[in-house]
*Asks:* 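Structure in structure tokens, see below.
The shown structure was predicted, so the numbers you read here are calculated from the model rather than taken from an experiment. These numbers come from the heavy atoms of this one structure, side chains and all, not from hydrogens, waters or symmetry mates.
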Amino acid sequence: MPGWVHFIHSHLGVKVPVKGCVDATDRMPPMRKHQVSITWLTKYFRDHYESHPLTEESLEDEKERYARVYLIGMIGGLFFSKKSSNLLSCGWLRIIFNSWEKMGEYSWASACLAMIYHNLCNASLKAVREVSGAMFIVQFWAWEHMPWIAPVQRLDRDWPIDHPLRGEAYGTRWLGHTTCDNLVQHKLDEYRRRFERLWGGE
């Protein structure tokens with residue numbers, strides 16, 4: 001573990017406590033075995049930013065540190081999240097701390113999709129009660145392919161929303177005010193009937 005503490009310190013300039021410090025959110029040490037608490041790390045930089053905000057005159061190294069912490073939050077807390085905690089395996093840090101050019105060479109979309117398939121396979125087991133990973137992507141897919149479970153866009157508010165990604169990402173189709181008033185609710189038989197019709201069942 002000391003090796004990872006030194007590794008993080010050398011790249012982010014922060015020494016992660018190992019003993020005698022418990023995260024207020026996780027109720028666990030910020031560093032546990034070969035994993036680091038995303039909550040503790042992002043909170044540390046958020047608090048530091050409030051007292052030392054980034055400016056145009058900030059050093060490039062400092063800007064990169066904040067950018068890499070943001071990536072740690074995105075990777076460990078969103079796209080490759082765990083269901084048990086917000087601990088991120090330090091193995092990811094070797095990739096995140098690579099040069100920007102090397103990071104861009106990885107197929108992140110393929111890795112995320114593989115993680116989703118892996119988590120869905122695990123979730124199909126009888127003993128498993130939860131699923132982790134980027135389930136918002138599965139949700140968007142379901143809304144696109146099964147409109148009877150998707151919310152309906154409301155056009156009685158300001159529309160369209162001025163968003164820089166509108167039209168470039170599937171998820172932006174669901175930006176804005178929606179309603180679920182017209183959906184079939186709490187009727188399992190109705191859902192089963194529509195699923196069977198969709199996939200060729202009787």
*Asks:* Return the orientation label for the Tyr44 and Trp40 ring planes: parallel under 30°, perpendicular over 60°, tilted otherwise.
*Replies:* parallel
*Asks:* Quick check against the 3.5 Å criterion: does Ser99 have a side-chain atom that pairs as donor or acceptor with the backbone of Lys102?
*Replies:* yes
*Asks:* To the nearest 0.5 Å, what is the distance between CE on Met115 and CD1 on Ile75?
*Replies:* 11.5 Å
*Asks:* Taking Val14 as the starting point, is it possible to reach Leu54 by hopping between hydrophobic residues whose side chains are less than 4.5 Å apart?
*Replies:* yes
*Asks:* Regarding Arg65 and Asp61, does a basic nitrogen lie under 4.0 Å from an acidic carboxylate oxygen?
*Replies:* no
*Asks:* State, to 0.1 Å, how close Lys63 and Ser58 come at their nearest heavy-atom pair, and which atoms those are.
*Replies:* CE-O, 3.5 Å
*Asks:* Which distance, rounded to the nearest 0.5 Å, do you find between the OH of Tyr70 and the CD1 of Ile96?
*Replies:* 13.0 Å
*Asks:* Let's go through Trp4 and Val16 carefully: what are the C-alpha distance in whole Å and the side-chain angles of both, what is the deciding distance for side chain to side chain contact (heavy atoms under 4.5 Å, CB included) to 0.1 Å, and is it a yes or a no?
*Replies:* CA-CA 9 Å; Trp4 284 116; Val16 183; over 6 Å; no
*Asks:* Report the distance from atom OG1 of Thr42 to atom CD1 of Ile72, rounding to the nearest 0.5 Å.
*Replies:* 9.5 Å
*Asks:* How long is the span from the CG atom in Leu113 to the OG atom in Ser107, to the nearest 0.5 Å?
*Replies:* 9.5 Å
*Asks:* So, taking the atom named OG in Ser132 and the one named NZ in Lys82, what distance separates them when rounded to the nearest 0.5 Å?
*Replies:* 9.5 Å
*Asks:* What residue among His52, Arg46, Glu50 forms side-chain contact (heavy atoms from CB on, under 4.5 Å) with His48?
*Replies:* His52
*Asks:* For Glu62, which residues count as a side-chain hydrogen bond (donor to acceptor under 3.5 Å, both in side chains) partner, sequence neighbours excluded?
*Replies:* none
*Asks:* Can you tell me how the ring of Trp108 sits relative to the ring of Tyr106, calling it parallel under 30°, perpendicular over 60° and tilted otherwise?
*Replies:* perpendicular
*Asks:* Do Tyr117 and Met135 belong together in a cluster built from hydrophobic side chains that touch within less than 4.5 Å?
*Replies:* no
*Asks:* Identify the heavy atoms of Cys112 and Ala134 that sit nearest to each other, and give their distance.
*Replies:* SG-CB, 4.0 Å
*Asks:* Which atom pair, heavy atoms only, marks the closest approach of Ala123 to Glu130?
*Replies:* CB-O, 4.4 Å
*Asks:* Roughly how far, to the nearest 0.5 Å, is OH of Tyr66 from CG of Leu12?
*Replies:* 11.0 Å
*Asks:* Does Ile95 share a hydrophobic cluster with Leu93, counting links as ILVMFWY side-chain heavy atoms below 4.5 Å and allowing steps through other members?
*Replies:* yes
*Asks:* Quick one: do Arg68 and Glu64 make a salt bridge, cutoff under 4.0 Å?
*Replies:* yes
*Asks:* Spell out, yes or no, whether Leu125 and Ile116 are grouped together once hydrophobic residues are joined by side-chain heavy atoms under 4.5 Å, including indirect joins.
*Replies:* no
*Asks:* On the 0 to 90° scale, with breaks at 30° and 60°, tag the Phe97-His11 ring pair as parallel, tilted or perpendicular.
*Replies:* parallel
